[in-house]
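Because only heavy atoms are used, hydrogens play no part in the values below, and waters and symmetry mates are left out as well, while side chains stay in.
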Amino acid sequence: QVHLEESGGGSVQAGGSLRLSCEVSGSTYYQYYCMGWFRQAPGDKHAGVATIYIGSTDTWYADSVKGRFTISRDKANNTIYLQMNSLEVDDSAMYYCAAKAGSADCSRIDPQQFGNWGQGTQVIVFS
């Protein structure tokens, strides 16, 4: 059973930056995982933010965050990151890390493809 633990959320003024971390444990097949960051604002469904395939480091981004957010991984430490720059008020949400085995559909950034989720970390961006 894969365990995911997010950290790094907080409150930041618009234009600022935050880095989220997601520590992965409980799996020896981490290198074959597609990892993703998703977010959910109050009253909304989960929305895709970015994904990365650990085996190749290919990355994909939602249009709303391209050029501002960067997903990356530290393979040795089983951790993925989401560097968020130029934050906007609309980026405020609970951010979740998620994992699924294999590279298929990793580029879709579709939360319905992911079966393993962390508890989330709150991001608040104020004007």
**Q** What verdict does the side chain to side chain contact (heavy atoms under 4.5 Å, CB included) test give for Y32 and I54, after you've listed the backbone C-alpha separation in whole Å, the side-chain angles of each residue and the deciding distance to 0.1 Å?
**A** CA-CA 6 Å; Y32 302 115; I54 302 301; over 6 Å; no

**Q** Checking side chain to side chain contact (heavy atoms under 4.5 Å, CB included) for the pair T59/T51: CA distance, chi angles, key distance, verdict?
**A** CA-CA 6 Å; T59 58; T51 51; over 6 Å; no

**Q** Considering only distance and modelled atom types, tabulate donor-acceptor pairs under 3.5 Å from the side chains of residues 2-15, sequence neighbours left out.
**A**
| residue | atom | partner | partner atom | Å |
| --- | --- | --- | --- | --- |
| E6 | OE1 | Q119 | N | 3.1 |
| E6 | OE1 | G120 | N | 2.9 |
| E6 | OE2 | C97 | N | 2.8 |
| E6 | OE2 | G120 | N | 3.2 |

**Q** With a 4.5 Å cut-off on side-chain heavy-atom distances among I, L, V, M, F, W and Y, is there a chain of contacts connecting M94 to M84?
**A**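 Linked, M94 and M84 end up in one cluster.
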
**Q** Would you say the side-chain atoms of T79 and N77 include a donor-acceptor pair closer than 3.5 Å?
**A** no

**Q** Picking from F114, Y95, Y96, W37, what satisfies ring-ring contact (aromatic ring centres under 6.0 Å, His included) with H46?
**A**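 Running ring-ring contact (aromatic ring centres under 6.0 Å, His included) over F114, Y95, Y96, W37 with H46 returns exactly one hit, Y96.
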
**Q** Honestly curious: do I109 and W117 fall in one hydrophobic cluster under the side-chain, below-4.5 Å linking rule?
**A** yes

**Q** Just wondering, are more than 12 heavy atoms of other shown residues or ligands nearer than 6.0 Å to CZ in F126?
**A**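 Count over threshold, so yes.
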
**Q** If a pair satisfies ring pair (Phe, Tyr, Trp, His ring centres under 6.0 Å) and one of its residues is in residues 48-77, list it, with sequence neighbours excluded.
**A**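 Matches after skipping sequence neighbours: none remain.
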
**Q** Could you tell me the separation between the CD1 atom of I124 and the CG atom of L87, rounded to the nearest 0.5 Å?
**A** 12.0 Å

**Q** Any idea which heavy atoms bring A41 and S92 closest together, and the distance?
**A** CB-O, 4.0 Å

**Q** Locate the shortest heavy-atom distance separating C34 from G102; write the atom from each residue and the value.
**A**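 For C34 versus G102, the nearest heavy atoms are CB-O, 3.4 Å.
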
**Q** Given the rule in the side chain to side chain contact (heavy atoms under 4.5 Å, CB included) test, do Q83 and S17 qualify, once you have shown the distances and angles that lead to the verdict?
**A** CA-CA 7 Å; Q83 178 66 44; S17 299; 3.9 Å; yes

**Q** Whether D91 and R39 form a salt bridge (side-chain N of Lys/Arg under 4.0 Å from carboxylate O of Asp/Glu) is what I want to check.
**A** yes

**Q** Which pairs would a plain distance check flag for residues 18-26, meaning a side-chain donor or acceptor within less than 3.5 Å of a matching protein atom at least two apart in sequence or in another chain?
**A**
none

**Q** Should M35 and R73 count as side-chain neighbours, where that means a heavy-atom distance under 4.5 Å?
**A** no

**Q** For the atom pair CG (D58) and CD1 (I52), what is the distance rounded to the nearest 0.5 Å?
**A**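 Those atoms lie 8.5 Å apart.
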
**Q** Below 4.5 Å, heavy atoms only, C-beta onward: do T70 and L82 meet side chain to side chain?
**A**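 T70 does not reach L82 side chain to side chain.
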
**Q** Has the side chain of R68 got a donor or acceptor atom that lies under 3.5 Å from a matching backbone atom of S64?
**A** yes

